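Have a look at the structure below before the remarks.
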Amino acid sequence: MWVMQYIDSLNDKQKEAVLYTDGPLLIVAGAGAGKTKTITHRIIHLIHQGVNPGSILAVTFTNKAAKEMRDRVMALLEERVHGISAPIHYSGVPFVSTFHSLGVHIIKENAHLIGLTKHFSIIDESDAISIIKDVMREHDIDPKQHEPRKIKSIISKAKGDFITLPNFRGEVKSSMQSIVALVWGGYEARLKNEKGLDFDDLLLESVMILRKFPEIKNKYQEKWKYVHIDEYQDTNEVQYEMTKLLVGKEENICVVGDTDQNIYSWRGANIKNMLHFEKDYPNAKIVMLEQNYRSTGNIILAANSVIEKNQYRVPKTLFTKNVDGEQIVVCEAYDEVAEAKFVADEIDELLKENKPENIAVLYRANFQSRVLEEAMLSRQIPYQVLGVKFFDRKEIKDIIAYIKASLNKESLTDIKRIINTPTRGVGKVTLTKLFAGLFAELPAGMQIKINKFYELLADIHLYIDTHKPSEIIKYIIEKSGLEAELSNGTNEDLEKLENMKELVTLAIKYDGEEDGIEKLLEDASLSSDQDSLINKAKTGGVRLMTVHASKGLEFKYVFVTGLEQDLFPHARVGQGTKDDKEEERRLFYVALTRAEKKLFLTYASLRTIFGMKQVNNPSEFIYDIPTHLTEFRQSHSRNNERVVYL
């Protein structure tokens, strides 16, 4: 019988989850344990048990994940029976969507209750930023002093935490929060006038409808008798509340997740939602999916050894029936250049028998990509950076623009870029008059500001004449005011400062050259073209990305780089809470479990930070891995050559 055939394709724990159809169910699914297969087979089983497909709801986080789940469900429903094509026809289909698509659906069906029509506008991120900029101009708030994206991020985080504008206004404790409250008010007024909702409102407003109108809530509870939530550990407060409101009195809710892969607390994801599932649903059944189908035995043992140190988790132990596989390579490099050369050399060997897209290089902080990109380019290894390439990052372009503007005060493009970076109160009207040669028409106070800016450029020019490129960039970071502005900012600001400091490190290699700063500018300008040529020469590419960006992906070969104390785990975590430290360990666990066949862990004994060589200790995470699982190597750089000692 076909039903038994598809049930037989599951392991015992997957079967247990699929066959448990009534009441609350928590599926703790380890990395690579087949959670999507389990959810889709559970949905199919419900249908074959006589449940109307239209009464099944499945929610996940991304359009890609929702499409994959939807396609799998439909493929299973139409699967051949005994070799004969026999599509199964039903009066409806399961509702499979993202949280935001679900919000749109609920709002469109009930738009009149909140003063909208079903044709309301959805304001995307770029339009939202544009509106915020308009509101800031109306209130004479300088967008250079208070970055619109940062204000939007604060508003978004508040909405995700179920904080409304009146609540936010009542808790204002700083000048920045006062500005956010003011802008938020104008922003909401604009959205209301345009009959529009932003992405956060799609969740917030749909929840408010369910809260305020019990008859609407009851309608959806009757409609969707069976609720499935994927990646439950990543839900924020609004998503958590939406889920609870949609679950009917039968409590037929199935959530799937892994507390060991909760790495998005900075985006509002609340691990407590999953940890408290049994409290929310006292009759809940828990099924542990611990068999990993992705990785070798050695990788799984290493991942278990790392994550078991965390206390704030649902305990589980991954296992696999895969072969033990090769040992994990742990490489101690002399410095970051030797580390990058080691990675590139190993990839060169792997590419003899593998496609480049089967290989990933992961790092904790974005600034690490620079030296890795350089190593890939030098060996003409095709690669793709998931994120922004080093020389394409705004903060790097800003520093380059300072150098170019100081050397050529007629470079209006560069001056326009940096005259308000950091803020100097120079608006568009002022800039137009300045470029039109109408400096004398500017107010006296503005003339002073402009003169100080040009004095700074003159100082930089003089400094360039007598100092090395690395010293010049240090000087610009400090004297421009960028360091002071970013050092006390958000995590995003600190990351920008890290990237600027990496530019100092890069510049050291030009310190001994004649006209080194000119050579640096030339190479920076040509880097993107060179990268494009290499990537056009071959299809695909080795993936370079942060560990955060790698979640949900898998590769045959994975390199985890920069495993040094205060880099991974990051130094900022040292001043954080125990929860922060445990999240950093979860991040390393995610990195390990991306690998299918072989894992390389690398660290640099010396790393140049802001032009200074810094002695590093290996990451504490390396010591969590049993030594019998590892193979130790060293990589030393001498006279631009590399020697590896086995």
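This is a predicted model, so every value here is computed, not measured.
Surrounding NZ of Lys316 are more than 12 heavy atoms belonging to other residues, nucleotides or ligands, all under 6.0 Å away. Other residues, nucleotides and ligands contribute over 12 non-hydrogen atoms within 6.0 Å of the NZ atom of Lys15. Atom CD of Glu138 is surrounded by more than 12 heavy atoms from other residues, nucleotides or ligands within 6.0 Å. No more than 12 heavy-atom neighbours from other residues, nucleotides or ligands sit within 6.0 angstrom of CD on Glu492. The 12-atom threshold is not exceeded at NZ of Lys355, counting heavy atoms of other residues, nucleotides or ligands nearer than 6.0 Å. More than 12 non-hydrogen atoms from other residues, nucleotides or ligands lie less than 6.0 angstrom from NZ of Lys223. Taking a 6.0 Å sphere around CZ of Arg149, one finds it holds 12 or fewer heavy atoms contributed by other residues, nucleotides or ligands. When the shell of 6.0 Å around NZ of Lys551 is examined, it contains more than 12 heavy atoms from other residues, nucleotides or ligands.
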Residues Arg313, Glu582; criterion salt bridge (charged side-chain N to carboxylate O under 4.0 Å, His left out); working and verdict: CA-CA 9 Å; Arg313 62 190 289 257; Glu582 292 209 350; over 6 Å; no
Chi angles and distances behind the side-chain contact (heavy atoms from CB on, under 4.5 Å) call for Arg393, Asn366: CA-CA 10 Å; Arg393 290 171 185 149; Asn366 273 306; 3.6 Å; yes
Worked check of side-chain contact (heavy atoms from CB on, under 4.5 Å) between Thr546 and Tyr363: CA-CA 5 Å; Thr546 63; Tyr363 36 83; 3.8 Å; yes
Verdict with reasoning, Glu290 to Lys13, per side-chain contact (heavy atoms from CB on, under 4.5 Å): CA-CA 8 Å; Glu290 298 173 293; Lys13 287 296 180 180; 5.8 Å; no
From CA spacing to verdict: side-chain contact (heavy atoms from CB on, under 4.5 Å), Leu116, Leu197: CA-CA 10 Å; Leu116 296 175; Leu197 299 175; 3.8 Å; yes
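Taking the six-membered ring where tryptophan is involved, the planes of Phe588 and Phe621 are essentially parallel, since the angle between them stays under 30° and well short of 60°. Between Phe95 and Trp224, the ring planes lie tilted relative to each other; the angle falls in the 30° to 60° range.
In this structure, Ile155 CD1 and Tyr187 OH are separated by 6.5 Å, a value rounded to the nearest 0.5 Å. For the atom pair Glu554 CD and Thr593 OG1, the distance stands at 10.0 Å (nearest 0.5 Å). With rounding to the nearest 0.5 angstrom, the OG atom of Ser126 is 11.0 Å from the NZ atom of Lys152. The distance from the CG atom of Asn273 to the CG atom of Asp234 is 10.0 Å, given to the nearest 0.5 Å. Between Asp201 atom CG and Phe199 atom CZ the span is 11.0 Å, to the nearest 0.5 Å. In this structure, the separation between CG on Leu210 and CD on Gln221 is 8.5 Å, given to the nearest 0.5 Å.
With sequence neighbours excluded, no residue satisfies side-chain contact (heavy atoms from CB on, under 4.5 Å) with Lys192.
A 4.5 Å side-chain heavy-atom check between Leu289 and Thr38 finds at least one atom pair inside the cut-off. Between Gln384 and Glu357, the closest side-chain pair of non-hydrogen atoms is not below 4.5 Å. Side chains of His41 and Gln14 form no contact here, defined as non-hydrogen atoms less than 4.5 Å apart. Counting heavy atoms from C-beta outward, Lys67 and Thr62 have side chains that stay 4.5 Å or more apart. In this structure the side chain of His570 never reaches within 4.5 angstrom of the side chain of Leu494, judged on heavy atoms. No side-chain heavy atom of Ile359 sits under 4.5 Å from any side-chain heavy atom of Lys556.
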Please tabulate, for side-chain N and O atoms in residues 23-36, each donor-acceptor pair with protein atoms closer than 3.5 Å (sequence neighbours left out).
| residue | atom | partner | partner atom | Å |
| --- | --- | --- | --- | --- |
| Lys35 | NZ | Asp230 | OD1 | 3.0 |
| Lys35 | NZ | Asp230 | OD2 | 3.1 |
| Lys35 | NZ | Glu231 | OE2 | 3.4 |

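Here the closest non-hydrogen pair linking Leu202 and Ile107 is O-CD1, 3.5 Å. In plain terms, the two heavy atoms of Arg594 and Val590 that are nearest each other are NE-O, 2.7 Å. Closest heavy-atom contact between Ser121 and Glu194: OG-O, 4.0 Å. Contact record, Met136 with Pro143: CE-CA, 3.6 Å, taken as the closest heavy-atom pair. Nearest heavy-atom pair, Asp624 versus Ser305, reported as atom, atom and distance to 0.1 Å: O-CB, 3.2 Å. Taking each heavy atom of Val172 and Ser178 in turn, the nearest pair found is CG1-OG, 3.2 Å.
Among the candidates Lys394, Lys133, Lys496, the single residue satisfying the salt bridge (charged side-chain N to carboxylate O under 4.0 Å, His left out) test with Glu147 is Lys496.
Checking Asn310 against Tyr589 by side-chain atom types alone, no donor-acceptor pair falls below 3.5 Å. Residues Tyr312 and Asn262 have side chains that never bring a donor and an acceptor to within less than 3.5 angstrom of each other.
The cationic group of Arg211 lies under 6.0 Å from the six-membered ring centre of Phe162 and within 45° of the ring axis, placing it in a cation-pi geometry.
The residues Glu583 and Arg586 are annotated as salt-bridged, a charged nitrogen and a carboxylate oxygen being separated by less than 4.0 angstrom.
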